[in-house]
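Throughout, a chain's letter reflects where its sequence line sits, starting with A, and its residues are numbered from 1.
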There are 2 protein chains.
Amino acid sequence: MVQPAHVATTADRILDVAERLTQSQGYNGFSYADVAAELELTRAALHYHFPGKAELGLALVARYAQRFMTALSAIDALDDPCAELAAYAQLYLDVLEDRRMCLCGMLAAEHQTLPARMQDAVIAFFDDNERWLATVLDDGRAKGALTFAGTSEATARMIVDGLEGAMLVARLHHDPSRFRASADRLLDSLCT
Amino acid sequence: MVQPAHVATTADRILDVAERLTQSQGYNGFSYADVAAELELTRAALHYHFPGKAELGLALVARYAQRFMTALSAIDALDDPCAELAAYAQLYLDVLEDRRMCLCGMLAAEHQTLPARMQDAVIAFFDDNERWLATVLDDGRAKGALTFAGTSEATARMIVDGLEGAMLVARLHHDPSRFRASADRLLDSLCT
DNA sequence: GTCTATAACGAGATAGAC
DNA sequence: GTCTATCTCGTTATAGAC
């Protein structure tokens with residue numbers, strides 16, 4: 001049986017709630033009870049869909065990473081390196097708007113406490129982001145649309161670092177404009 | 001009675017362990033039992049020194065912030081804006097060397113789950129850092145030692161954001177050289 | 001200042017009925 | 001697929017002896 005596209009399965013609704021809770025309170029900051037209460041289910045029902053919290057957490061990262069990579073593919077279609085970087089920053093801003101941290105940024109902070117497979121998935125998320133950014137940077141430099149010193153890999157890392165850090169700090173004040181200011185300064189220096 | 005400078009009080013040793021655990025696993029990622037075991041004390045002894053985890057957490061941030069501000073005062077003595085920025089980044093690198101996150105960076109991630117007074121103290125830490133950096137930047141621009149567009153406040157925020165984010169990500173790979181690369185690119189663009 | 005003992009609660013998890 | 005009931009363990013916290 002295939003679900004109609006507009007009806008979320010229970011598993012999806014669990015992931016939606018768990019994702020928001022993880023982004024706002026951390027993986028170690030929410031419980032099955034929190035998710036169950038919000039969905040008006042019992043904890044046991046959650047265990048049916050995700051046997052343990054480790055499985056839920058892994059599904060969380062996998063879905064988030066997949067969704068993110070899909071968004072990056074869509075950005076590729078812009079075919080304008082400078083606009084692509086701006087669109088990339090906008091992905092972060094969208095998350096920040098309702099006071100969430102990047103899921104993997106949050107999990108990066110908690111990294112040492114995570115199940116091994118979640119740790120690996122978080123690292124892979126950042127590697128994928130850096131790789132994608134590096135191709136945008138290389139492409140932009142080849143086209144003359146972007147200017148930067150050093151390797152595209154190092155520049156990509158600086159962008160990821162800057163955006164993740166800007167989210168982390170801007171969230172304290174619930175102030176997306178702070179994020180935008182940092183992000184703009186970071187990216188404007190690259191666009192010719 | 002005053003303690004000799006080289007003998008740490010029990011309260012200090014508790015803070016030392018709790019600080020390291022918070023920086024590596026998060027405030028929600030360690031327990032009184034963890035601290036007690038490492039110090040070969042009981043949990044009850046910890047409650048004597050810090051009635052509850054909220055008080056311990058607040059003392060943690062207060063001590064860290066005070067120590068950090070003292071370090072910033074020492075850096076002021078360098079009287080060379082570019083060297084001062086490098087020394088500032090070095091503070092972060094020192095923390096990262098044994099796989100710790102900045103205490104307040106970690107607490108920023110967990111911010112929404114913290115006791116109210118801890119939340120305020122974390123925000124104050126970042127405000128103080130930004131203020132200090134802004135004075136270094138203003139001073140450096142006046143002397144002609146630093147160049148940057150826009151306000152010193154906005155530039156200060158970009159520096160804090162970049163360094164915190166670089167720590168967050170570099171810690172994943174246990175790779176301080178990544179931090180150094182990001183930090184150098186961030187700061188070199190300011191030094192004339 | 002530190003201990004033993006215990007209370008009170010929350011978390012993750014499982015068995016088995018429906 | 002969801003429920004009730006239960007288990008086990010970890011966590012915070014307190015009382016009272018030493």
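The aromatic rings of A:Tyr32 and A:His47 lie tilted to each other, with the angle between the two planes from 30° to 60°. Ring pair A:Phe179/A:Tyr92 is parallel by interplanar angle, where below 30° counts as parallel and above 60° as perpendicular.
In this structure, the separation between CE on A:Met167 and OG on A:Ser182 is 12.5 Å, given to the nearest 0.5 Å. The line from CG of B:Asp128 to CD1 of B:Ile123 is 12.0 Å long, rounded to the nearest 0.5 Å.
Scanning both residues, B:Leu137 and B:Ser152, for their nearest heavy atoms gives CD1-O, 3.4 Å.
A side-chain donor-acceptor contact under 3.5 Å links B:Thr9 and B:Asp12. B:Arg185 and A:Thr155 are linked by a side-chain donor-acceptor pair at a separation below 3.5 angstrom, with hydrogens and angles left out of the test.
One interatomic measurement links the two molecules: CZ of A:Arg43 to P of D:dT6, which rounds to 13 Å at whole-angstrom precision. Rounded to a whole Å, the OH atom of B:Tyr48 is 18 Å from the P atom of D:dA13.
Nucleotides of DNA chain C lying under 4.0 Å from heavy atoms of chain B occupy a range whose first and last members, 5' to 3', are C:dG1 to C:dT6.
Along DNA chain C, the nucleotide closest to B:Thr42 and the one closest to A:Glu55 are compared, and the more 5′ of them pairs with B:Thr42.
Within a heavy-atom distance below 4.0 Å of DNA chain D, the residues of residues 9-41 of chain A found are A:Thr10, A:Glu40, A:Leu41.
For B:Arg178 and A:Glu153, the salt-bridge test fails: no basic side-chain N is under 4.0 Å from an acidic carboxylate O.
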